[in-house]
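Letters A, B, ... mirror the listed sequences (proteins, then strands); counts begin at 1. Every value quoted in this text rests on a predicted model; they were computed, and no experiment measured them. Below, all heavy atoms of this structure are taken into account, side chains as well, without hydrogens, waters or symmetry copies.
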Amino acid sequence: MPVRLLKTVSGKSETPLPSHLQKEDLKHLQEGFDHTNKYFKGVVVLSYPLMKLGDGTDFFKVVLQDLDNWISRNNSINILLYGKMAEDCAKVTRHGDTFAVAGFKVAKSPTAREDGRHGCHLEVSEEAGSTIYVHKILGECLDNFFLLFPNFVMPFQSVAPKYVYTPLNRLKDGTVVNLYGVVKFFKPPYVSKGTDYCSVVTLVDPSNVKLTCTLFNGNLDFLPKIYKVGDIVRFHRIKIREYNGQMQGITSAGFASLTFDGTVGAPVVPRTSSKVYTFMDEEQKIIEELRVWADSNLCIFGPAAKLAGVQPMIFFDLTCQLVGKAKVDGSSFLLKVWDGTKCPYPTWKVPVEARDLEGEKTLLHQLRNLTVDILVYDNHVQLAKSLKIGSFLRIYSIHTKQASSDKDDVSCIEFHLHGGTCYGRGIGVLPETNPDVKELKVFLGSVDLADSQNMESMSSLELDSTGMKIIRKFFLISDLESHLQRCQELSVTVLTDHQDLKDTELKTILNSRAPQQYRIRAKLRTYEPQKLYQCIKLHCSKCNSLWEVPGGDDFDLILQGSAVTAPNLELHNTSWYDSVMWTTEDQKQRKITIHFVKHDEMVQQPEDTLIMIEGGTLKEIWKLTKRFKCVIPVRSTEDDLELLDLSAPFLLQGNIKYYGCMRCSTPKPIECLSSIAAEQQPSWEPTEIARVLGIEPLQYVFVMKFTLVDGTGTLNAYLFDYEKFFQIPASEILTNNFLQQKMQMTMNTLCPPGRKLDDLPWLECFIKSYNVRDVMKQQVYYQIFDTTVAEDVV
DNA sequence: TTAGGTTTCG
């Protein structure tokens, strides 16, 4: 809606300014301050002709004099109006009119020295969500009245539209906009490497477009108070920029936010640091609509857990109360927390000096069986130090690790908040008004401390799906018992073949010659490696060699090394690929070339296209794999493109890096790929790509050593499995956290930590024995085969 | 300025 003067108003009975707006004093108008929900009021003492700027934008300048400081010498300020607002205001403005300006941007006034006015000016436009309330003069009589009684509250008429909110699919580079969104991902505010706190927030809206915003502020309070995925935010005056081909939001001067609980039916109460803010009935409607949309269109699955529900080797968010804290060393800090439930596993205690431990000694002692020690590292230390004992926290992405203890059967769980902010890792302080905190407080109050040794009586408050509070008994230990009982009766693994074979005791197997095959029934006493990510290897089926999976850093180094080679322009744009080269804008002036492989002389849709990249970084390549079917990192030689070193992947597809065997591969020129491109329907299968490029592909494989016992003997059997045993492809486990957790849970069922031998479940397996002869001696080895984890185990 | 979502391996 354009600026519109509805009618001339008179008398006090007319609509006053909206109640959420507060008057800002002239002397408080400063750059970098939060002027959200403030207005500045003044009389138009001067106006300039309407102009057009170089880009065609209308521009109008007026000078407002502060009524409350009319005696002061320096009491006027320049107001710069842009666009439609400039055009419309120019039509109706007369000297002597009173303007109340809200939603303005404060910037340094370049003309302050010459015109002697305020050091800053105010910038207003419809795009920035500005509002101007104009009171028209009614004649000299009232004008004088006004000057005599400056505090007289005048009726105002709104002539500018209210805030305009831009859907996420309509954002344009270089604009400052207002928007709503549902939080899909967030990093709670953390101390950046600069001077401010930083919070990263990814939003979605019904246009199904995602926007990642990077928000900075020196004051924690000015960043949005997001507590969980699914919260809804309203951002005012967020700047939109293009970054890496995508729109990005970033704080601009005057940025302000409101945050709402995203639960359908919950009260619509904004969380904000501002005491006043605009919030109308219409906006309540927007929140309610977004809640309903998110409820049916978004999968908001949070990894929240109670201490009673934790497993080793998971990442989870914990809502808890801080009971104690202590410094450990320069890079780590200890938080002792509880949530009223008891962790079913023994938990580790971080050794600290008694004098370093802060917190109420009696309470720490009383809660000793219910608190857990969380060790936080690096960038989280500063925030952790500042936390107040007794405060309620949500700690995001805590990692539970199983401590490897060789000395006894009982291993314990460690809780770590590792350094960095990946996956939103961090600490958030929850206010006492937070619904989750209210609920937690009720529950903590109900915990009978004398009874805390008796785990079976623990209970917990939970919210059911309708948001109603219900009290449910927690019988976690007994749940675990019954689960284990089932495992003991049946078997946690099943055979996929040879059902008719009879069981053989381990003692008999150990005393027999190899090679032979057996069916066994045994318990898994222990396994190696305990760190499951270490059990993934690369296997060459041609020479039978096993290779470690190279780390991301290795790949990065190779990429950096290859980026030194300048791209050979003679190899650009051939009959089977189109090439695009660009130079980065930073000081390094890095050159990146992408060769798009064509089909039928045309570049296909990205999801069907194979690209080759020269000079890219690990991150850039990673991003390209999200968009294109295949990515092959290459470098230029004098007369052809070639693959990089074989310790780098020869191909990236989705999450998977494909490697070639260094012994068996004889890389051919990249030109050979053109034969696949020429096929009628190129499938770009990794094995096919490897074949034409002379690469012997390595396969991802699980390699583990199981120590099995059955009362008659102990036998070490190797598990060598691509997919069948865990029903998880080994190729995906390193890049898929969900699958890693699933695998860890499987191992916890097969070999529950902290259990005595009698309580371990039975496994039914096939094993085969085989001879391995080296120079010195011949040895018998055993391998598990045709066995899989039972379907109902995980 | 900072970070620019994509778990550590202590």
Side-chain angles (χ1 to χ4, degrees), chain A residues 32 183-204 210-220 223 226 229 238-251 303 312-317 328-334 348 350-351 373-382 395-404 414-426 529-536 548-549 551-553 584-586 617-626 654-655 732-741 744:
Chain A
V183 175
K184 189 180 182 297
F185 166 84
F186 74 104
K187 291 182 174 184
Y190 59 94
V191 185
S192 77
K193 288 181 182 138
T195 56
D196 291 332
Y197 286 98
C198 175
S199 180
V200 174
V201 183
T202 301
L203 304 178
V204 279
K210 222 171 70 170
L211 178 74
T212 298
C213 303
T214 311
L215 313 174
F216 295 105
N217 204 301
N219 185 344
L220 208 58
L223 291 172
I226 298 166
V229 167
I238 183 145
K239 191 171 175 181
I240 303 300
R241 290 198 312 208
E242 195 178 313
Y243 177 77
N244 272 350
Q246 285 192 314
M247 290 302 164
Q248 172 200 56
I250 189 154
T251 32
M313 185 62 189
I314 58 166
F315 290 91
F316 72 106
D317 299 345
V328 177
D329 57 47
S331 67
S332 64
F333 195 82
L334 169 66
W348 75 324
V350 179
D373 284 11
I374 298 174
L375 200 54
V376 312
Y377 295 92
D378 308 335
N379 55 315
H380 308 298
V381 171
Q382 190 182 336
I395 309 181
Y396 300 92
S397 216
I398 299 175
H399 184 204
T400 55
K401 228 174 95 181
Q402 195 176 317
S404 42
E414 302 176 351
F415 294 86
H416 299 267
L417 187 72
H418 296 291
T421 61
C422 291
Y423 274 76
R425 202 185 299 131
Q530 287 277 318
K531 294 174 179 175
L532 290 180
Y533 65 91
Q534 293 174 340
C535 77
I536 307 292
E548 290 294 337
V549 181
D553 291 347
T584 57
E585 283 177 0
D586 57 18
T617 62
L618 190 59
K619 211 164 184 177
E620 285 158 354
I621 290 180
W622 184 84
K623 285 202 166 169
L624 288 165
T625 61
K626 302 286 155 211
N655 279 330
E732 288 180 30
I733 200 114
L734 289 176
T735 49
N736 186 323
N737 188 50
F738 173 74
L739 292 180
Q740 271 187 39
Q741 293 194 11
Q744 182 68 58

*Asks:* Heavy atoms from C-beta onward define the side chain here; which of B:dT8, B:dT2, B:dA3 lies closest to that of A:T214?
*Replies:* B:dA3
*Asks:* Under 4.0 Å, counting only non-hydrogen atoms across every strand here, what does A:H416 touch: a base, just sugar-phosphate, or nothing?
*Replies:*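 The residue A:H416 makes no contact with any strand.
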*Asks:* Taking any heavy-atom pair under 4.0 Å as a contact, classify A:F186: base, sugar-phosphate, or nothing.
*Replies:* nothing
*Asks:* Nearest heavy atom decides the nucleotide; on that basis, is A:L417 or A:N244 closer to the 5' end of DNA chain B?
*Replies:*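 Its nearest nucleotide being more 5', the pick is A:N244.
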*Asks:* Within less than 4.0 Å of OP1 or OP2 of B:dG5, is there a side-chain N or O belonging to A:K210?
*Replies:* no
*Asks:* Quick check: on DNA chain B, is the nucleotide nearest A:Y377 upstream (toward 5') of the one nearest A:I250, or the reverse? Name the residue that is more 5'.
*Replies:* A:I250
*Asks:* Closer than 4.0 Å, any side-chain N/O of A:K187 to the OP1 or OP2 of B:dT6?
*Replies:*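 Yes.
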*Asks:* Give a yes or no on this: more than 12 heavy atoms of other residues, nucleotides or ligands lie within 6.0 Å of atom CD of A:Q534.
*Replies:*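 Buried by this count: over 12 neighbours within 6.0 Å.
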*Asks:* Of all the nucleotides listed (B:dG5, B:dT1, B:dC9), which has the minimum atom distance to the side chain of A:K184?
*Replies:*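 Of the options given, the side chain of A:K184 lies nearest B:dG5.
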*Asks:* Assign A:Y190 to base, sugar-phosphate, or nothing according to its heavy-atom contacts below 4.0 angstrom with the strands shown.
*Replies:* sugar-phosphate
*Asks:* Counting only heavy atoms not in A:Q246, do more than 12 sit closer than 6.0 Å to its CD atom?
*Replies:*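 Not buried by this count: 12 neighbours or fewer within 6.0 Å.
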*Asks:* Under 6.0 Å from the NZ atom of A:K193, do we count more than 12 heavy atoms belonging to anything else shown?
*Replies:* no
*Asks:* In whole angstrom, what separates A:D378's CG from B:dT8's P?
*Replies:*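 Taking CG of A:D378 and P of B:dT8, I get 11 Å after rounding.
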*Asks:* Tell me which nucleotide among B:dC9, B:dG10, B:dT2 gets nearest to the side chain of A:S192.
*Replies:* B:dT2
*Asks:* Among the candidates B:dA3, B:dG10, B:dT8, find the nucleotide nearest to the side-chain atoms of A:Q740.
*Replies:*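 Of the candidates, B:dT8 comes closest.
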*Asks:* Would you kindly check whether a donor in the side chain of A:S332 faces an acceptor in the base of B:dG10, or vice versa, at under 3.5 angstrom?
*Replies:*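 Absent.
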*Asks:* The side chain of A:Y423 is closest to which nucleotide in this list: B:dT6, B:dA3, B:dT8?
*Replies:* B:dT6
*Asks:* What contact category does A:L215 fall into here, base, sugar-phosphate, or nothing, at under 4.0 angstrom with non-hydrogen atoms?
*Replies:*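 Contact class for A:L215: none.
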*Asks:* Base, sugar-phosphate alone, or nothing: which one does A:M247 contact when heavy atoms must sit under 4.0 Å apart?
*Replies:*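 No contact.
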*Asks:* Classify A:G419 by what it touches in the nucleic acid, base, sugar-phosphate, or nothing, heavy-atom distance under 4.0 Å.
*Replies:*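 Base, at least one base heavy atom under 4.0 Å.
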*Asks:* Would you indicate whether the side-chain heavy atoms of A:Y533 and A:L734 approach each other to under 4.5 Å?
*Replies:* yes
*Asks:* Provide, to the nearest angstrom, the distance between the CD atom belonging to A:Q534 and the C1' atom belonging to B:dC9.
*Replies:*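 A:Q534 atom CD is separated from B:dC9 atom C1' by 8 Å.
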*Asks:* Check for me: is A:W622 stacked on B:dT6 by the 5.5 Å centroid and 30° plane-angle rule?
*Replies:*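 No, A:W622 does not stack on the base of B:dT6, since the centre distance and plane angle fail the 5.5 Å and 30° test.
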*Asks:* Among all residues two or more places apart in sequence or in another chain, which pass the side-chain contact (heavy atoms from CB on, under 4.5 Å) test with A:V328?
*Replies:* A:S332, A:L334, A:V350, A:V352, A:L375
*Asks:* Could you work out which one of B:dG4, B:dT2, B:dT6 sits closest to the side chain of A:D196?
*Replies:*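 The listed nucleotide nearest to A:D196's side chain is B:dT2.
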*Asks:* Kindly write out the residues that satisfy side-chain hydrogen bond (donor to acceptor under 3.5 Å, both in side chains) with A:H416, not counting sequence neighbours, or none if the list is empty.
*Replies:*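 Once residues adjacent in sequence are excluded, the partners of A:H416 under the side-chain hydrogen bond (donor to acceptor under 3.5 Å, both in side chains) criterion are A:Y377, A:E414.
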*Asks:* Roughly how many Å apart are B:dT8 and B:dG4, using the P atom of each and rounding to a whole number?
*Replies:*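 It works out to 14 Å between them.
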